[in-house]
Amino acid sequence: CILQSQIFAVAAELAWSALHPRSLPPRACAACAVAYACLQGALLFLAFEAPDEAFSARLVLPAQAAAALATVPLQQLGYSYTLQRRISPMRYRILAWLVAVVLAVAALLRPAMASPLFAIPSVVLPGIVLAALLLRHAGADDGSGLDVHAKTRLGAGG
């Protein structure tokens, strides 16, 4: 189900970028981050707690697809941010991958870490922190920080 939702999300990201080349405002992106965190947290809770017959592809696929859709504006904002600073977005993807690997190995080495009390916050907190940072930026009036609609050398933006 995750692979299917990822394929759907890539298609949605391509369509969204073609139809709406400018990033959404930080407040809208914060709402997307919260939606993603809540959907992923709910799915993970159900994976641990729901009976096997209730946790099926019929439930998981639409929820995963919705969570993946919520990341499309966040990815667009992230690409805009890294392009403005002329840094590679791969730096952040590699860091995220390393954190995921460390958490997975930790769960294998310490089975207590493969519990809902550890897993759910590990999935939910990054989205909540991102939303808080975006809302903090949206409330800042000093003009410093991310100009989500600035033009880049590659023409992404207004």
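The first residue of the sequence shown is numbered 1, and numbering continues consecutively from there.
Within 6.0 Å of CZ in F55 there are more than 12 heavy atoms belonging to other residues, nucleotides or ligands.
Hydrophobic clustering places L98 together with V105 (ILVMFWY residues linked when any side-chain heavy atoms are closer than 4.5 Å, directly or through intermediates). Note: the hydrophobic cluster containing L109 also contains V101 (ILVMFWY, side chain heavy atoms under 4.5 Å, direct or indirect links). I120 and I128 fall within the same hydrophobic cluster, where Ile, Leu, Val, Met, Phe, Trp and Tyr residues are linked whenever their side-chain heavy atoms come under 4.5 Å apart, directly or through other members.
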**Message:** Between S80 and Q84, does the side chain to side chain donor-acceptor pair (under 3.5 Å) criterion hold? Intermediate values first, please.
**Reply:** CA-CA 6 Å; S80 176; Q84 286 176 31; 3.3 Å; yes
**Message:** For a side-chain contact (heavy atoms from CB on, under 4.5 Å) check, start with the C-alpha distance between F118 and L103, then their side-chain angles and the critical distance, and finish with the verdict.
**Reply:** CA-CA 10 Å; F118 177 76; L103 290 174; 3.5 Å; yes
**Request:** Could you give me the CA-CA distance, side-chain angles and deciding distance for W16 and L24, then say whether side-chain contact (heavy atoms from CB on, under 4.5 Å) is met?
**Result:** CA-CA 11 Å; W16 176 257; L24 290 178; 3.9 Å; yes
**Request:** Output, in order, the C-alpha distance, side-chain angles, deciding distance and verdict of side-chain contact (heavy atoms from CB on, under 4.5 Å) for L69 and Y36.
**Result:** CA-CA 8 Å; L69 279 177; Y36 172 79; over 6 Å; no
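Contact detail for L77 and S23: the closest heavy-atom pair is CA-OG, 3.6 Å. Of all non-hydrogen atoms in A9 and A68, the two that sit nearest each other are CB-CB, 3.5 Å. In this structure, A107 and M113 approach most closely via the heavy-atom pair CA-CB, 4.1 Å. What you find for P62 and A57 is that their closest heavy atoms are CD-O, 3.8 Å. When all heavy atoms of C32 and A70 are compared, the closest pair comes out as CB-O, 3.2 Å. Residue C29 comes nearest to P73 through the heavy atom pair SG-O, 3.9 Å, listed as atom of the first residue, atom of the second, then distance.
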N/O donor to acceptor pairs below 3.5 angstrom from side-chain atoms of residues 37-53, sequence neighbours left out:
none

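Checked by atom type and distance alone, the side chain of Q76 pairs as donor or acceptor with a backbone atom of H20 at under 3.5 Å. For S17 (side chain) and L14 (main-chain N/O), no donor-acceptor pair under 3.5 Å exists by modelled atom type.
Rounding to the nearest 0.5 Å places CZ of R27 at 11.0 Å from CG of L134.
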